[in-house]
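Reckoned from all heavy atoms, side chains included, excluding hydrogens, waters and symmetry mates.
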Amino acid sequence: MSNASIPQTGQQRERNEEKKKEETTTPRGPLQTAHGVTTIDENVVAKIAGMAAREVPGVYDMGNAVRRAFSAVTDRIPNAQTNVAGGISVQKGETQTAIEVTVVVDYGAPIVEVANAIRRNIIEQIEGTTGLEVVEVNINVTDVHLPDEDSDSSNSAVDLT
């Protein structure tokens with residue numbers, strides 16, 4: 001026989017009601033206070049994570065080949081804003097977030113160390129600026145930038161002046 005079939009006393013019911021009331025009004029993290037709730041959009045988290053990843057030495061570029069090609073075109077447009085969230089995918093809940101980063105690493109840079117530095121910097125920046133708990137940062141290295149790739153692209157440019 002379970003305890004659910006035993007009737008509660010008036011005092012027990014009051015305690016249970018108070019406990020339920022506390023559970024619904026108790027803040028669940030720094031973004032939820034007794035005075036209101038702060039919400040942070042995924043694009044805000046993505047921009048912070050993108051800036052944090054770009055700060056790490058050894059990161060040449062962000063995103064897959066298509067996104068990098070699109071950025072190369074938009075970078076040539078006067079007054080166009082750089083997309084700092086490119087290469088970042090965010091899944092966010094009320095108090096936690098998970099981030100996926102796609103990067104191109106400079107040739108010669110130790111990929112494992114670069115990835116760990118990206119992960120540390122993103123966690124530090126996101127948790128410090130948003131109050132969200134970062135549960136995971138997955139890093140996808142899609143390419144290695146070779147030093148001679150810059151000279152090849154500059155030699156192939158045609159001067160039409």
### Message
Just verifying a value: how many Å separate Asp148 CG and His145 NE2, rounded to the nearest 0.5 Å?
### Response
8.5 Å

### Task
Kindly compute the distance separating CD1 (Ile88) from CE (Met51), expressed to the nearest 0.5 Å.
11.0 Å

### Query
CD of Gln125 to CZ of Arg120: how many Å apart, nearest 0.5 Å?
13.0 Å

### Query
Looking at CG of Asn138 and OG1 of Thr102, how far apart are the two atoms once the value is rounded to the nearest 0.5 Å?
10.0 Å

### Asp41 CG to Lys47 NZ distance, which is reported to the nearest 0.5 Å
10.5 Å

### Query
Where is the tightest heavy-atom contact between Ala53 and Val101, given as atom of each residue plus distance?
CB-CG1, 4.4 Å

### Query
Could you walk me through whether Ile99 and Ile122 pass the side chain to side chain contact (heavy atoms under 4.5 Å, CB included) check?
CA-CA 9 Å; Ile99 300 164; Ile122 287 176; 3.7 Å; yes

### Query
Under the side chain to side chain contact (heavy atoms under 4.5 Å, CB included) criterion, do Asp61 and Val59 qualify, and how do the steps go?
CA-CA 6 Å; Asp61 204 354; Val59 173; over 6 Å; no

### Query
Backbone N or O of Glu100 within a donor-acceptor pair of the Ser89 side chain at under 3.5 Å?
no

In residues 103-118, what donor-acceptor pairs under 3.5 Å come from side-chain atoms, sequence neighbours left out?
unit_1, atom_1, unit_2, atom_2, d
Asn116, OD1, Arg119, NH1, 3.1
Asn116, ND2, Val112, O, 3.3

### Task
Applying side chain to side chain donor-acceptor pair (under 3.5 Å), name anything that partners Glu127, two or more places apart in sequence or on another chain.
none

### Query
When you check the side-chain N and O atoms of Glu55 and Asn121, is any donor under 3.5 Å from an acceptor?
yes

### Summary
Interatomic distance, CD1@Ile123 vs OG1@Thr97, rounded to 0.5 Å, equals 11.0 Å

### Message
I'd like to know if the side chain of Lys92 and the backbone of Leu132 have a donor-acceptor N/O pair within less than 3.5 Å.
### Response
no

